[in-house]
Protein chains: 2
Amino acid sequence: MKTSTLQDVARVAKVSTATVSRTLSNPNVVSESTRRRVSEAVKITGYRINRAARNLRTQRAHSVLVLLPDLANPFFSAILEGISRNLSQQGYSMLIASTKQVHDSGERLIDYLDDARADGMIILDGGLDADIVEMLETAPQANRILFACEWIDGANFPSVRCQNRQGTRTAVNHLYDLGHRKIAHVTGPEGNVLMHSRKDAFVDEVEHLKLEQRPEWIIDGDFSLAAGCQAALKWVGLHDRPTAVFCASDQLAMGFIAELSRRGFKVPDDVSVMGFDDIDLAEHFIPPLTTIQQDRLMIGETAAKMLMARIVTPNEANSDQAAVLPVSLVVRESTASLR
Amino acid sequence: MKTSTLQDVARVAKVSTATVSRTLSNPNVVSESTRRRVSEAVKITGYRINRAARNLRTQRAHSVLVLLPDLANPFFSAILEGISRNLSQQGYSMLIASTKQVHDSGERLIDYLDDARADGMIILDGGLDADIVEMLETAPQANRILFACEWIDGANFPSVRCQNRQGTRTAVNHLYDLGHRKIAHVTGPEGNVLMHSRKDAFVDEVEHLKLEQRPEWIIDGDFSLAAGCQAALKWVGLHDRPTAVFCASDQLAMGFIAELSRRGFKVPDDVSVMGFDDIDLAEHFIPPLTTIQQDRLMIGETAAKMLMARIVTPNEANSDQAAVLPVSLVVRESTASLR
DNA sequence: GTCGTCTTTGTAATCGATTACATATTTTGT
DNA sequence: ACAAAATATGTAATCGATTACAAAGACGAC
């Protein structure tokens with residue numbers, strides 16, 4: 001059983017294919033009576049538009065590619081939900097791939113745009129190699145690329161991000177207000193823009209509050225649980241231990257706490273620990289995690305909206321290059337007043 | 001700057017478009033010399049195939065839709081990774097949507113197949129409404145639908161799943177071997193096939209081992225952290241508390257443990273707790289979770305492989321209706337011998 | 001009655017690849 | 001040396017929608 005085409009509908013409604021097409025995509029230019037006849041015929045034939053045909057004719061893929069560094073990261077799920085929600089409202093589909101996989105398979109990212117598979121892309125990975133970034137920047141479709149959460153320093157792609165500096169400042173001040181004066185920071189991965197953004201803000205704020213600073217109180221990490229565990233060991237090994245630790249991600253914080261608890265330390269009794277992101281698990285962790293909340297659904301929706309605007313009106317000089325979304329402090333039980 | 005087409009390549013290589021097309025998709029039917037000329041021309045022109053055109057002509061979308069109940073569930077990430085990996089090897093793209101969202105937007109699932117957006121779909125949601133299932137079953141493209149992890153009882157779609165019964169039996173026996181004789185079960189959501197599969201296997205095994213059974217030792221849940229917390233309260237309220245609890249998911253187990261620890265109980269000292277799935281977080285949880293491991297990457301890869309086989313050769317009577325993948329016991333620290 | 005305007009509909013070209021069929025060329029067998 | 005078979009390439013139709021342009025009809029103004 002073949003699905004029916006515009007031709008079939010036209011035949012049944014006794015009009016031309018042009019009229020059927022118009023009825024479907026621009027109903028107000030056809031008369032009331034034919035509109036009814038066509039609708040009737042559509043129902044009778046069970047007509048469904050063939051997107052491949054439309055895509056070819058309109059030179060639009062009607063889909064957007066979302067690139068993650070890694071599909072297995074729970075941080076992204078809510079962002080995807082937001083993107084998908086907004087796209088499907090506009091009749092667009094969401095393609096997903098991971099940068100690693102695309103790279104491994106020998107494809108080039110820009111191919112997705114070049115071969116009409118996607119009309120635009122949202123990249124959630126700020127860690128692309130310099131040559132890939134170069135290629136994206138110089139591509140003719142560069143204006144249909146947008147970064148979310150992370151971005152590329154130096155490149156001027158539009159982006160959606162949260163207030164990383166402000167969030168960090170809020171976190172440090174929360175700890176300060178609890179009486180902590182010796183505060184450590186577990187960073188993200190070297191070279192990551194979020195890592196730098198948060199680390200710089202941390203250093204600035206600690207300086208601003210005139211707190212003691214020591215190089216060994218900045219502990220290298222990479223956003224992962226495992227790195228959090230590593231960091232905990234470093235903390236345990238310090239002579240003069242900070243009384244509070246601000247981790248650059250929730251996963252770091254969880255790993256940190258998990259490892260400490262394995263070593264017999266208690267959070268927040270022995271040390272206050274904060275994360276960043278507010279992933280789903282944060283509130284159910286033991287202890288529930290004090291953290292900086294990012295509205296990931298909104299990040300996704302905003303990213304989709306901005307990208308779609310650029311796809312629909314490509315040459316308009318969209319001035320809003322970067323949307324910076326607010327963050328908020330969520331106080332739970334992993335932080336406490338200094339005894 | 002327009003991207004170049006087959007025509008352009010043909011002009012540069014001084015051959016017909018047919019020859020270029022053949023060179024690209026079936027190189028061994030063209031002569032060595034033209035093959036070289038065409039490759040050269042492709043390089044010069046920077047030709048990229050236009051997938052919309054190919055899709056229209058070949059009547060293939062070259063993409064597969066993956067349907068999740070909920071994008072924000074970390075359980076699915078590794079499965080997606082597996083699916084994506086296999087699909088991209090074969091030049092296919094992965095579309096993602098959530099059943100909830102598709103439903104809310106008024107679309108019908110089958111539309112994705114009908115309107116040539118996808119060649120097949122992998123459904124990770126066994127909780128579809130009966131009328132939707134009915135629609136899928138009677139659709140002409142029903143043979144390009146496959147379920148993974150979950151499935152629909154009664155319908156005979158092909159599926160990929162793990163050994164739910166065997167895993168449950170293994171779990172119960174692990175607890176039994178540790179000396180536990182009073183074992184509770186926290187179930188998945190009512191109506192879910194996995195929930196029934198695991199619960200039935202649990203009851204059977206408990207009976208087989210001649211253990212005491214009580215209705216209140218089967219606690220209703222729904223796979224979520226929150227339900228795990230609820231279940232913990234129920235457990236706390238029991239007169240005669242089971243010494244071990246087998247939860248139908250890791251998230252349940254984590255919620256269960258989290259809530260207990262908030263109430264001053266210790267795991268595994270006061271009660272042994274097991275999960276099912278082995279999600280990424282399980283090994284970093286406090287205490288690290290004893291659980292039944294599903295190889296989610298393999299589930300994804302198998303699902304993609306099976307579906308692709310059906311897409312490529314649609315009428316072949318694929319006898320392997322259900323692939324059942326092995327599970328394994330991972331012993332960590334949330335279970336211990338009965339004192 | 002004629003002209004202009006507006007609305008509604010049809011005709012046919014088009015998007016860019018694939019492929020059945022025809023044709024030209026080379027190879028093989030006897 | 002000639003027929004048959006195999007190989008290589010070109011011609012042109014095709015997938016199914018969209019849309020520029022043309023044309024036909026309705027209406028009112030003068």
Side-chain angles (χ1 to χ4, degrees), chain A residues 1-39 41-42 45-63 91 111 113-119 312, chain B residues 1-39 41-42 45-63 91 111 113-119 312:
Chain A
M1 184 187 110
K2 270 178 55 59
T3 63
S4 43
T5 70
L6 260 197
Q7 295 267 11
D8 301 325
V9 179
R11 199 173 311 120
V12 171
K14 299 194 200 311
V15 294
S16 70
T17 61
T19 300
V20 177
S21 178
R22 279 189 288 253
T23 309
L24 263 30
S25 57
N26 197 6
N28 51 317
V29 306
V30 307
S31 73
E32 172 65 25
S33 65
T34 47
R35 210 182 308 161
R36 261 203 307 272
R37 284 230 309 291
V38 170
S39 311
V42 165
T45 55
Y47 171 74
R48 292 271 107 203
I49 194 171
N50 181 314
R51 300 215 173 207
R54 175 168 72 179
N55 290 350
L56 173 58
R57 177 60 225 231
T58 60
Q59 306 283 40
R60 284 271 171 82
H62 292 95
S63 65
D111 288 350
L113 263 32
D114 264 343
D115 66 13
R117 249 183 300 180
D119 295 327
V312 173
Chain B
M1 183 186 108
K2 269 178 56 64
T3 63
S4 43
T5 71
L6 260 197
Q7 295 267 11
D8 301 326
V9 179
R11 200 173 311 122
V12 171
K14 299 195 200 311
V15 294
S16 71
T17 60
T19 301
V20 178
S21 178
R22 279 189 288 253
T23 309
L24 263 30
S25 57
N26 197 5
N28 50 317
V29 304
V30 307
S31 73
E32 172 65 24
S33 67
T34 48
R35 210 182 309 160
R36 261 205 307 275
R37 286 230 308 290
V38 170
S39 309
V42 165
T45 55
Y47 172 75
R48 293 272 107 203
I49 195 172
N50 182 316
R51 300 215 173 206
R54 175 168 72 178
N55 290 350
L56 173 58
R57 178 60 226 232
T58 61
Q59 305 283 41
R60 285 269 171 84
H62 293 95
S63 65
D111 288 350
L113 263 32
D114 265 342
D115 64 14
R117 248 181 302 180
D119 295 327
V312 173

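Each chain gets a letter, A, B and so on, in the order the sequences are listed, and its residues count up from 1.
The distance between atom CG of B/Asn26 and atom C1' of C/dA17, rounded to the nearest whole Å, is 15 Å. Here the P atom of nucleotide D/dG16 and the CG atom of A/Leu6 are 10 Å apart, to the nearest Å.
Within the structure, every side-chain polar atom (N or O) of A/Tyr47 is placed at least 4.0 Å from both OP1 and OP2 of D/dG16. When the side-chain nitrogen and oxygen atoms of A/Ser31 are compared with OP1 and OP2 of C/dT9, one or more of them lie within a distance under 4.0 Å. OP1 or OP2 of D/dT18 has not a single side-chain nitrogen or oxygen of A/Thr17 nearer than 4.0 Å. Here B/Gln59 does not reach the OP1 or OP2 of C/dT18: none of its side-chain N or O atoms lies under 4.0 Å away. A sub-4.0 Å separation between OP1 or OP2 of D/dT18 and a side-chain N or O of A/Ser21 is present. For B/Thr58, no side-chain nitrogen or oxygen approaches OP1 or OP2 of C/dT18 to under 4.0 Å. OP1 and OP2 of D/dG16 both lie 4.0 Å or more from every side-chain N or O belonging to A/Thr5.
For A/Leu56, taking side-chain heavy atoms from C-beta onward, the closest of the listed nucleotides D/dG16, D/dA12, D/dA17 is D/dG16. Side-chain proximity of B/Arg57 to the nucleotides D/dA17, D/dA13, C/dT11 is greatest for D/dA13.
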I'd like to know whether B/His62 forms a side-chain hydrogen bond (donor to acceptor under 3.5 Å, both in side chains) with B/Asp119, so could you lay out the CA-CA distance, the side-chain angles of the two residues, the decisive distance to 0.1 Å, and finally the verdict. CA-CA 7 Å; B/His62 293 95; B/Asp119 295 327; 5.2 Å; no
One pair to check against side-chain contact (heavy atoms from CB on, under 4.5 Å): A/Val15 and A/Val30. What are the steps and the verdict? CA-CA 11 Å; A/Val15 294; A/Val30 307; over 6 Å; no
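Each of B/Ile49 and B/Arg22 was assigned the nucleotide of DNA chain C with the nearest heavy atom; the assignment lying further toward the 5' end belongs to B/Ile49.
For D/dG16, the base has no donor-acceptor partner in the side chain of A/Arg48 [N/O atoms by modelled type, under 3.5 angstrom].
Note on the helix from C/dG1-D/dC30 to C/dT30-D/dA1: angle between the axes of the first and last five pairs equals 40°, rounded to 10 degrees.
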